[in-house]
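Taking it in order: structure first as structure tokens, then the write-up.
All values below come from the heavy atoms of this structure, side chains included, with hydrogens, waters and symmetry mates left out. Read the numbers this way: they start at 1 and go in the same order the structure lists the ligands and their atoms. This one's a predicted model, so the numbers in the text were calculated from it and none came from an experiment.
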Amino acid sequence: MNLIFLGAPGSGKGTQAIRLAKKISVLHLSTGDLLRAAVKNGTELGQKAETFMKAGELVPDDIIIGLIEEKQASGDLNNGFILDGFPRTIPQAEALDAMFQRVGAKTDYAVLLDVDDDEIIKRLSGRMNCSGCQAGYNYPANMPQKEGVCDKCGGQLVRRPDDEPDVVKNRLEVYKKQTQPIEDYYRKQSLLKPIAGVGTPDDIFNRIVEGLGVA
Ligand code: AMP
């Protein structure tokens, strides 16, 4: 199954995409995770992407499309995948379709996690990640046993620099302006699966699984 996960920052798409990828045994590919790793390792890609990410802006299309084309060329997408955070603009969605056409693949569904703005801001201000294993926490709903310390590996919990309040505001604006139009792009192709992104993570997961018929 080839899936795309859409949703505003903080909609929970990363958490749900990871869980679903495990359940249906496909690759989970997050462009945000790839870029953060590149920044951390100081690679050429990371150096190009860092300024945009810090400001809550999108990394230019040609860079990000190149990244996905590399994954395709290396065979990583051959056995099903969930793309988390890509595409994020119409040119990216068109480039993905063109790439699929070249290799005879297709998108099965674009899952859209629907969450309103107030809830998004509340969630992002409580989001923390482990600086070691990247495990995600959310204050106050999902806190570690020991304040500031990862339950899984003992690493230090940190807030993503782009989760600071003024950057969050910009990321939401960028989402509305540049990413929301692709909801229509997939709706017109009858591929959009809107899912209410409210309730517990289990509730949301069950809705996704039911919506896709993969229970
Ligand atoms: P995320 O973890 O998906 O919220 O992504 C974090 C940041 O990485 C975004 O705010 C962008 O700066 C950048 N990024 C991730 N995916 C893309 C994409 N498909 N196109 C452009 N920029 C992206």
Please list the nearest protein heavy atom to atom 7 (C) of ligand 1 with its residue and the distance rounded to 0.1 Å. Met53 CE, 4.0 Å
Check Leu58 against ligand 1 and report side chain, backbone, both or neither, counting heavy atoms closer than 4.0 Å. both
Between Arg19 and Asp202, is there a side-chain N and carboxylate O pair less than 4.0 Å apart? yes
What residue and heavy atom of the protein are closest to atom 16 (N) of ligand 1, and at what distance? Thr31 OG1, 2.8 Å
Nearest protein heavy-atom contact for atom 1 (P) of ligand 1: which residue, which atom, what distance? Arg88 NH2, 3.4 Å
Look at Arg207 together with Asp114 and state whether they make a salt bridge at an N to O cut-off of under 4.0 Å. no
To check your reading of the model: name the closest protein heavy atom to atom 14 (N) of ligand 1, its residue, and the distance in Å. Leu35 CD1, 3.5 Å
Among Lys13, Arg36, Arg171, the residue with a heavy atom nearest to atom 10 (O) of ligand 1 is Arg171
Is it the case that ligand 1 has an N or O less than 3.5 angstrom from some N or O of Pro9? no
Salt-bridge present (Glu173, Lys177; N to O < 4.0 Å): no
So the atoms of ligand 1 within less than 4.0 Å of a heavy atom of Arg160 turn out to be 1 (P), 2 (O), 4 (O), 6 (C)
Closest to atom 22 (N) of ligand 1 among protein heavy atoms sits Val59 N, 3.0 Å
Can you tell me if Asp84 uses its side chain to pair, donor with acceptor, with the backbone of Phe5 under 3.5 Å? no
Closest protein heavy atom to atom 20 (N) of ligand 1, given as residue, atom name and distance to 0.1 Å: Gln92 NE2, 2.9 Å
State whether Tyr109 and Lys193 meet the cation-pi test: NZ (Lys) or CZ (Arg) under 6.0 Å from the six-membered ring centroid, and within 45° of the perpendicular axis. yes
Donor-acceptor pair, side chain of Arg159 and main chain of Glu164, under 3.5 angstrom: no
Give a yes or no on whether Gln189 atom CD has more than 12 heavy-atom contacts from other residues, nucleotides or ligands under 6.0 Å away. yes
Top protein contact for atom 11 (C) of ligand 1, by heavy-atom distance: Glu57 O, 3.5 Å
With sequence neighbours excluded, what pairs up with Tyr139 under the ring-ring contact (aromatic ring centres under 6.0 Å, His included) test? none
Gly85 heavy atoms, cut-off 4.0 Å: which ligand 1 atoms fall inside? 16 (N), 17 (C), 18 (C), 19 (N)
